[in-house]
Student: 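I'd like to ask you about the structure that follows.
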Amino acid sequence: MTTIDPILTDAPSSVQIEVIGNALESICDEMGEALIRTSYSPNIKERRDCTTGLFDAEGEFLAQAEHVPMHLASLMGIVNAVRDRYPLADIREGDSFLGNDPHTGGGTHLPDIVLVTPIFVDGTIAAWATNCAHHADYAERGHEHIFQEGLRIPAIRLFRDWTYEQDVLNLILINMQVPTERLADFDAQLAANRLGVNRYREICERYGRAAVDAAGRELLDYTERKVRAGIRTLPNGEYAFRDEFDTNEIEGTFEISLRMTVEDERILFAFDAPPQVRASFNMVRTALLSSVYYAVKTVVGPDIPSNGGLGRALEVEAPLGSVLNCVAPAAVNGRIDLAQRVVDLVHGAFAQVVPERVVAASNGAVTGTQFSGIDPRTGRYYIYLETIGGGNGAGDCMNGLDGVQAHMTNTSNLPVEALEGEYPLRVQEYALVDGSGGVGTHRGGMGIRRVLTIDHDDCTVEVGASRLTTQPWGLEGGGPGGSTELRANGRLANDRRILHLDRGGELSVSTAGGGGFGDPAKRDLEEVARDLLEGRLDQETAADAYGWKGHQT
C-alpha cells in the first residue's frame with residue numbers, strides 16, 4: 001500500500017477518525033495473535049497471558065488488544081521510562097527495549113516483561129509498538145521485598161538493528177530458571193512488535209502520517225468525551241463502600257475502603273488502605289489506575305476505546321506507601337488479588353446508584369498455582385503456572401458465568417491435554433464447584449475445582465489465594481458466593497502458601513463462586529428445577545433460599 005487516499009487531509013473527518021481508530025485496534029489484535037501463535041511457553045501460547053498495544057510518539061496510549069486488563073498497567077510506564085533513559089537521538093530503527101520493574105516503570109510485577117519498539121516514519125519516531133508477556137519463571141522465591149522476587153529489569157535496550165545485544169541477553173538469561181523458554185518467548189515478542197511496526201507504517205502510507213497523528217489525538221479526545229458523557233448519566237453525590245481482604249500470605253483480614261465522589265463530568269476515587277506489607281500483594285500506582293479505569297469503563301460505557309483518554313475525567317487517590325500505592329522495595333508479585341478487590345470496591349460504590357449496570361462481587365481473586373521441580377522425563381527444571389478462574393457475579397438480568405477469569409485477568413484455563421503433555425503432573429478432577437454460586441433472582445457463577453497429582457519427588461508448590469475466609473458479596477438481596485478452599489493430600493491447607501509434595505502428592509483447589517443478584521424468592525422455579533437436575537443446587541438450599549417444595553414444572 002503506497003498511495004495516499006485522496007479524500008484524507010491533515011485534519012481527518014469523524015468518519016476517517018473512526019476508520020483509522022479501527023485500524024489501530026486491528027493492529028493490536030493482529031500483534032496479539034502473532035505473539036500467541038509464535039510463543040513457546042504454555043502460559044502464553046495456551047493461556048494467552050499477554051497483551052499488545054500502541055503508543056503515540058509522546059508516549060500516550062493509543063490502543064490495546066482485548067486481552068488482559070491488568071496489563072494496561074504493565075504497559076503504561078514503559079515508553080516514558082525509555083524516553084527518560086535514552087535520548088531520542090540515540091534511538092534508531094531496529095531498536096527494542098525491555099523492562100519489567102514496577103517501581104521504575106515497565107511492569108506491575110516481575111514476570112510481566114514488556115517489550116517496546118519505536119516505529120519510525122519519515123525518519124522520526126511516529127509511534128511505539130508494545131507488548132507484555134507473562135514469563136512463567138521466578139519460582140521458589142520469597143516475597144518480603146522485591147529483591148527476593150526475581151531479576152528487576154529497568155527499561156533497557158535488548159535489540160539493536162533487530163539483533164540481540166548479546167551481553168544484555170546473557171545477563172538476563174542467566175538469572176532465569178527456564179532460559180530456553182524465555183529466549184523463545186523474547187523472539188515471539190519481537191516478532192509481534194515488528195508486525196506492529198509494519199502495519200502502522202502501512203496506515204501512514206495510505207492516509208499520510210499527519211492524518212494518522214491527528215486521528216490519534218482525536219481518538220484520545222473522543223474517549224474523554226465518551227467517559228464524561230457516561231458520567232453525566234450518574235447523579236452527583238458521594239458514595240462509599242468497603243470490603244475485607246484476606247490472603248494465605250498473612251494472618252487475619254484487613255479493610256480497604258473507597259469514597260467515590262461524582263461531580264458533573266468527573267469522578268474522584270479516594271481509597272483508604274493499610275500500609276504496604278512484607279508480602280507479595282502490594283500494588284503500584286499504575287496497577288491501581290488500570291483497575292479503576294477498567295471498572296469505570298464497565299459502568300459508564302463498555303464500548304469506550306481503551307486508550308489514554310480514559311483517565312482524563314478520573315482522579316484517583318490512595319495513601320502513598322499503602323498496599324494500594326506502594327513504593328520500593330515493596331514486593332508485588334501477587335498484586336492481582338488486591339486489584340480484583342479494587343474492582344469490587346468500585347462496583348460496590350456504583351451499585352448504590354446504578355445497580356442495574358454492575359454485577360455482584362465475582363470470585364475476587366486470581367487463584368495462582370505454581371509447580372516447579374525437575375521433570376523426570378527430561379532431567380530439566382520446569383515451572384508450571386496457572387491462574388484458576390472462578391464464578392462471576394450475577395447481574396440485573398443474568399446469572400453469573402461459571403468457571404471464568406473475572407475482571408482484571410482474561411486468560412484461558414490451561415487444557416488438561418496441554419498440561420499433562422508439558423509437565424510431570426496429572427489432572428484427577430476438573431469440574432465446577434456445585435452450589436458455590438450465591439443465591440438470588442439470578443444466581444452467581446460457580447467456582448472451579450482443580451485436583452492435580454504430582455508425578456515426581458521434591459515438587460515445590462506455591463499457591464496464592466484470596467476469599468478464603470471472606471465471601472464475594474451479593475447485590476439487591478442476593479446471597480454471597482462460596483469461598484476458596486485449598487487441600488494438600490486431602491487435608492485443609494488454607495493457611496499454606498508454600499507446599500512441598502512428593503510423587504503421588506495431591507493438591508486440590510476449589511475457587512470462590514460469584515455473588516447472587518436480587519431476591520431469591522423471585523427466582524423462576526423452572527430455573528431452580530434445572531439447577532437441581534444438573535447438580536448445581538442441593539435440595540436444602542433450594543428449599544431454604546428459593547422456597548422449593550418439589551413443584552413440578
Side-chain angles (χ1 to χ4, degrees), residues 69-70 73 102 108-109 143 238-262 267-296 298-299 311 314-327 330-353 358-368 390 393 406-409 464-475 480-481 483-484 497 512 514-515:
M70 174 53 80
T108 60
H109 72 162
H143 298 288
E238 186 174 293
Y239 311 95
F241 198 79
R242 56 171 294 279
D243 204 346
E244 293 290 318
F245 182 77
D246 66 280
T247 172
N248 58 347
E249 286 196 72
I250 62 172
E251 293 183 1
T253 66
F254 61 80
E255 181 179 300
I256 55 175
S257 60
L258 167 64
R259 188 180 71 256
M260 182 180 77
T261 304
V262 180
I267 304 179
L268 166 65
F269 297 89
F271 291 89
D272 192 23
Q276 63 192 53
V277 295
R278 292 173 71 87
S280 79
F281 55 80
N282 303 289
M283 296 171 62
V284 292
R285 179 169 172 79
T286 52
L288 175 64
L289 292 177
S290 65
S291 303
V292 173
Y293 293 171
Y294 161 82
V296 171
T298 64
V299 174
L314 309 176
E315 186 176 347
V316 181
E317 299 176 354
L320 187 64
S322 70
V323 293
L324 294 182
N325 188 14
C326 70
V327 296
V332 295
N333 189 67
R335 83 280 183 246
I336 191 70
D337 281 340
L338 198 51
Q340 297 284 65
R341 201 71 93 255
V342 167
V343 175
D344 284 346
L345 280 180
V346 175
H347 281 173
F350 276 123
Q352 298 174 44
V353 59
V358 300
V359 295
S362 295
N363 61 82
V366 179
T367 307
H407 297 317
M408 294 306 293
T409 183
S466 186
R467 290 297 191 196
L468 292 152
T469 60
T470 65
Q471 295 176 278
W473 39 265
L475 272 180
S483 297
T484 300
R497 185 174 180 88

Student: Counting distance only, does the side-chain N/O of Gln471 pair as donor-acceptor with the main-chain N or O of Gly481 below 3.5 Å?
Tutor: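 Yes; at least one donor-acceptor contact below 3.5 Å.
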Student: Show every donor-acceptor pair shorter than 3.5 Å between a side-chain atom in residues 251-260 and any protein atom, with sequence neighbours excluded, or say none if there are none.
Tutor:
residue: Thr253; atom: OG1; partner: Glu244; partner atom: OE1; Å: 2.9
residue: Glu255; atom: OE1; partner: Arg242; partner atom: NE; Å: 2.7
residue: Glu255; atom: OE1; partner: Arg242; partner atom: NH2; Å: 3.0

Student: Regarding Thr298 and His407, is there a side-chain donor-to-acceptor distance under 3.5 Å anywhere?
Tutor: no
Student: For a side chain to side chain contact (heavy atoms under 4.5 Å, CB included) with Phe245, tell me which candidate from Leu338, Thr470, Asp344 qualifies.
Tutor: Leu338
Student: Please report the interatomic distance CG(Asp272) to CG(Leu324), rounded to the nearest 0.5 Å.
Tutor: 9.0 Å
Student: Applying side-chain hydrogen bond (donor to acceptor under 3.5 Å, both in side chains), name anything that partners Arg341, two or more places apart in sequence or on another chain.
Tutor: Ser466
Student: Listed by chain and number, what are the side-chain hydrogen bond (donor to acceptor under 3.5 Å, both in side chains) partners of Ser322, not counting sequence neighbours?
Tutor: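 Scan of Ser322 (side-chain hydrogen bond (donor to acceptor under 3.5 Å, both in side chains), adjacent residues dropped) gives none.
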Student: Determine whether Phe269 and Leu288 make a side-chain contact, defined as any pair of heavy atoms from C-beta on separated by less than 4.5 Å.
Tutor: no
Student: Say you draw a straight line from CD of Glu315 to CG of Leu268; how long is it, rounded to the nearest 0.5 Å?
Tutor: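 One gets 5.0 Å once the value is rounded to the nearest 0.5 Å.
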Student: So, does Gln352 use its side chain to make a donor-acceptor pair with the main chain of Ala240 at under 3.5 Å?
Tutor: yes
Student: Distance alone, cut at 3.5 Å: any donor-acceptor contact between the side chains of Asp243 and Trp473?
Tutor: yes
Student: If we only count heavy atoms from C-beta on, is the Met408 to Val366 side-chain gap below 4.5 Å?
Tutor: no
Student: How many angstroms lie between CD1 in Ile336 and OG in Ser280, if you round to the nearest 0.5 Å?
Tutor: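 Taking CD1 in Ile336 and OG in Ser280, the distance rounds to 11.5 Å.
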Student: Supply the atom-to-atom distance Asn333 CG to Asn282 CG, rounded to the nearest 0.5 angstrom.
Tutor: 11.0 Å
Student: May I ask you to test the Gln340-Ser362 pair for a side-chain heavy-atom distance under 4.5 Å?
Tutor: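 Side-chain contact under 4.5 Å: no.
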Student: When you compare the side chain of Phe271 with that of Val342, does any pair of heavy atoms fall below 4.5 Å?
Tutor: yes
Student: Is the backbone N or O of Gly514 less than 3.5 Å from a side-chain atom of Asn363, with the two atoms forming a donor-acceptor pair by type?
Tutor: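 Between the backbone of Gly514 and the side chain of Asn363 there is no qualifying donor-acceptor contact (under 3.5 Å).
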